[in-house]
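Take a look at the structure set out below.
Not measured: the values here are computed from a predicted model. In each ligand, atom 1 is the first atom listed, and ligand 1 is the first ligand listed. Numbering of residues begins at 1 and proceeds along the displayed sequence.
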Amino acid sequence: MKESGEKISMLTAYDFSFAKIIDGAGIDVILVGDSASNVMAGHETTLPITLDQMIYHASSVIRAVNRSLVVVDLPFGSYQSNSDIALASAIKIMKESGGHSIKLEGGEEVLDSIKKIVSAGIPVMGHLGLTPQSIYKFGTYTVRAKEEEEANKLRNDAKLLEDAGCFAIVLEKIPASLAKEVSASISIPTIGIGAGGNCDGQVLVMHDMLGINTEFKPRFLRQYLNVAEQATTAVQQYIKDVKSNDFPNESEQY
Ligand code: KIV
């Protein structure tokens, strides 16, 4: 798709019902993101979610998917210690969830792990720029790699990830000009989120783009629906109908 110039569409999903809708709509890639920690479990960061919880979400998604590529995030703590632990975590995800590939955050620091996982036959997606598992190192969710030193590290990391065998790289919240340059400098696709229009694909968190989660409104987000508003109206109508004895009516009973 990168070679032919066709942009890659990717969205997150964490459960069977939404994965069925997203897969049926024709998405290219479904990411079972560790953002499940935020949007499904209500945690402030992605750090608390466990490997077993990721497997639960991923296996629910896999049961719904007929055609999309499913990428599953390795959660915080499941790969940072050493490459043997990283490989064991990746194998556990592949075996127990049925996912098609894994994603992990970081560049040079996780290179040995990426090589080991790729050698085991597991496709790996990289993730550079704003890497939310390192939020307590960054201290803020602001745009990354604006300074030359961090931009140079990202340029270098992208090449290392390509050489290590990653099949794609997520670029999160970096300047559009840097994302454009990196996308042109490597042969594997880049998938951007808050990284401008010159990445080879785009990803959004489903709850943000459908307007389920309405508190998160960064500049890069395009909201396609307001599910929170519509669901609230529907629930309020249901409450009214129950209270007024309008529901159920004659045709809604046995
Ligand atoms: O966990 C996630 O949803 C992600 C995307 C934001 C890329 O990693």
Side-chain angles (χ1 to χ4, degrees), residues 7-15 18-19 22 27-51 53-58 60-61 68-80 89-90 93 97 99-107 110 114 123-135 138 141-145 154 157-158 161 166-174 179 182-183 188-196 199-210 212-213 215-223:
K7 298 278 185 173
I8 299 164
S9 60
M10 174 159 130
L11 276 178
T12 65
Y14 318 95
D15 69 279
F18 271 114
I22 291 174
I27 203 82
D28 296 313
V29 186
I30 292 182
L31 170 65
V32 184
D34 59 357
S35 49
S37 180
N38 309 106
V39 296
M40 298 300 286
H43 293 295
E44 202 173 312
T45 72
T46 58
L47 274 65
I49 199 160
T50 66
L51 193 55
Q53 287 165 342
M54 286 304 298
I55 288 167
Y56 168 78
H57 287 296
S60 306
V61 166
S68 318
L69 172 74
V70 178
V71 183
V72 185
D73 262 340
L74 282 188
F76 177 69
S78 72
Y79 63 97
Q80 288 89 348
S89 300
I93 284 197
S97 77
H100 309 140
S101 57
I102 61 99
K103 174 166 85 57
L104 50 76
E105 297 181 3
V110 290
I114 291 174
V124 176
M125 179 179 275
H127 186 155
L128 299 173
L130 177 63
T131 46
Q133 291 178 14
S134 303
I135 187 58
F138 298 143
Y141 285 101
T142 194
V143 179
R144 303 307 313 174
L154 193 143
D157 281 345
L161 260 51
C166 283
F167 71 89
I169 304 175
V170 166
L171 297 177
E172 180 164 355
K173 231 174 168 188
I174 61 170
V182 169
S183 302
I188 56 172
T190 59
I191 313 288
I193 173 163
C199 294
D200 303 302
Q202 297 292 326
V203 57
L204 285 176
V205 169
M206 178 196 72
H207 286 63
D208 301 336
M209 62 84 77
L210 291 183
I212 298 171
N213 168 26
E215 280 137 49
F216 185 62
K217 287 195 188 302
R219 187 209 293 208
F220 68 75
L221 174 64
R222 187 176 296 179
Q223 198 181 306

Write 'none' if nothing qualifies; otherwise put on separate lines each N/O atom of ligand 1 with a protein N/O atom under 3.5 Å away and their distance to 0.1 Å.
unit_1: ligand 1; atom_1: 1 (O); unit_2: Asp34; atom_2: N; d: 3.2
unit_1: ligand 1; atom_1: 1 (O); unit_2: Asp34; atom_2: OD1; d: 3.0
unit_1: ligand 1; atom_1: 1 (O); unit_2: Ser35; atom_2: N; d: 3.1
unit_1: ligand 1; atom_1: 1 (O); unit_2: Ser35; atom_2: OG; d: 3.3
unit_1: ligand 1; atom_1: 1 (O); unit_2: Asp73; atom_2: OD2; d: 3.2
unit_1: ligand 1; atom_1: 3 (O); unit_2: Ser35; atom_2: OG; d: 2.5
unit_1: ligand 1; atom_1: 8 (O); unit_2: Lys103; atom_2: NZ; d: 2.9

Test salt bridge (charged side-chain N to carboxylate O under 4.0 Å, His left out) applied to Asp157 - qualifying residues, sequence neighbours left out: Lys153
Is it true that His207 and Tyr14 have ring centroids separated by less than 6.0 Å? yes
Sub-3.5 Å donor-acceptor pair from the side chain of Thr12 to the main-chain atoms of Met206, do we have one? yes
Got a donor-acceptor contact below 3.5 angstrom from the Ser35 side chain to the Asn38 backbone? no
Are the side chain of Gln202 and the backbone of Gly196 linked by a donor-acceptor contact shorter than 3.5 Å? yes
Is the side chain of Ser9 donor-acceptor paired with the backbone N or O of Ile27 at a distance under 3.5 Å, no angle test? no
